[in-house]
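First the structure, in the form of C-alpha cells, and then the observations on it.
One-based numbering along the sequence shown. The model shown is predicted, which means the values in this text are computed figures rather than measured ones.
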Amino acid sequence: MKMTYLIAAAAGLVLGGVIVTTETSAGPAESVKYRQTVMKANGAHLGAISMVVKGEVPYGAPHVVANAEALAESAKLIADAFKDKTGDAGPTAAKANIWTEWQSFTDKAKTLQAESAKLIEVAKKGDMTAIGEQVKAVGGACGGCHETFREKKS
C-alpha cells in the first residue's frame, strides 16, 4: 500500500515537472527547432504512407490510416508553430514572407489539414489506387506552401 502511494507521489512529481517545464516560454532558437521538428514529423508520416502505397513495405491501409491521422493532427500545429516571428533565429529554410503574407501562409496550412483529413477517409476504404491519388493531393499541398514560403534546398 505504501509503495503505491510512493509510486503515485513520484509520478505526480515527474508530471508536475513536465507541466512546469512546458509552461516556460521558448527562445527564438527553440521555436525554430520546434517548428522544424513538426515539419519533419509531417514529412516522416507522408514518407511512411508513400512506402506503403508503393508496396515497398508489406503494411496495408491500417498503417496509412494511422499515419494519415498523425499527419492531420500535426498539420493543425503548423500555423501556431510559426507564429513567433523567428525567421532569422538560427539555420532555417523559412522565408520572411511567411510573416508578411500570414493569411496566405495559414490558408496553405489549412489546405494541408483538409487534404490530410481526406486522406484518412480515403485510406479507411483501403483502395490503394485512391489512396495514391490522395497522397498526391497531400504532397501538392505541401509543395504549394514550400514553393512560396520555404527556401529551395541546394
If you look at every heavy atom in [X] and [Y], which pair is closest and at what distance?
X: Pro91; Y: Val32; answer: O-CG1, 3.9 Å
X: Thr106; Y: Ala79; answer: CG2-CB, 3.8 Å
X: Val64; Y: Ile131; answer: CG1-CG2, 3.8 Å
X: Ala61; Y: Gly126; answer: CB-CA, 3.7 Å
X: Ala72; Y: Ile120; answer: CB-CD1, 3.7 Å

Subject >> salt bridge (charged side-chain N to carboxylate O under 4.0 Å, His left out) involving Glu73 - partner list, sequence neighbours excluded >> reply: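 Partners of Glu73 under the salt bridge (charged side-chain N to carboxylate O under 4.0 Å, His left out) test: Lys76.
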
**OP:** Tell me, please, which residues at least two apart from Asp107 pass salt bridge (charged side-chain N to carboxylate O under 4.0 Å, His left out).
**Re:** none

**OP:** Please list, chain by chain and in numerical order, all residues satisfying ring-ring contact (aromatic ring centres under 6.0 Å, His included) with Phe105, sequence neighbours excluded.
**Re:** Phe82, Trp102, Phe149

**OP:** Apply ring-ring contact (aromatic ring centres under 6.0 Å, His included) to Tyr59 and list each qualifying residue two or more places apart in sequence or on a separate chain.
**Re:** His63

Original post:
Taking NZ, NE, NH1 and NH2 as the nitrogens, is one of them in Glu121 or Lys118 under 4.0 Å from a carboxylate oxygen of the other?
Top reply: no

Original post:
Is there side-chain contact between Arg35 and Thr92, with at least one heavy-atom pair below 4.5 Å?
Top reply: yes

Original post:
Got Glu115 and Thr111 here, is their nearest side-chain heavy-atom distance under 4.5 Å?
Top reply: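 With C-beta onward as the side chain, the pair touches.
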
What side-chain donor-acceptor pairs closer than 3.5 Å can you find for residues 37-52, not counting sequence neighbours?
residue	atom	partner	partner atom	Å
Thr37	OG1	Lys33	O	2.8
Asn42	OD1	Ser74	OG	2.6
His45	ND1	Asn67	OD1	2.8
Ser50	OG	Leu46	O	3.1

With hydrophobic residues grouped by side-chain heavy-atom distances under 4.5 Å, do [X] and [Y] end up in a single group?
X: Ile98; Y: Leu112; value: yes
X: Val122; Y: Val135; value: yes
X: Val138; Y: Ile78; value: yes

Original post:
Can you tell me how far CG of Asp127 sits from CD of Gln134, rounded to the nearest 0.5 angstrom?
Top reply: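 One finds 12.0 Å between CD of Gln134 and CG of Asp127.
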
**OP:** Using modelled atom types only, decide if a donor and an acceptor are shared between the side chain of Glu133 and the backbone of Met128 within a distance under 3.5 Å.
**Re:** no

Subject >> Pairs satisfying side chain to side chain donor-acceptor pair (under 3.5 Å), at least one member in residues 138-148, at least two apart >> reply: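 Every pair satisfying side chain to side chain donor-acceptor pair (under 3.5 Å) with a residue in residues 138-148: His146-Arg150.
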
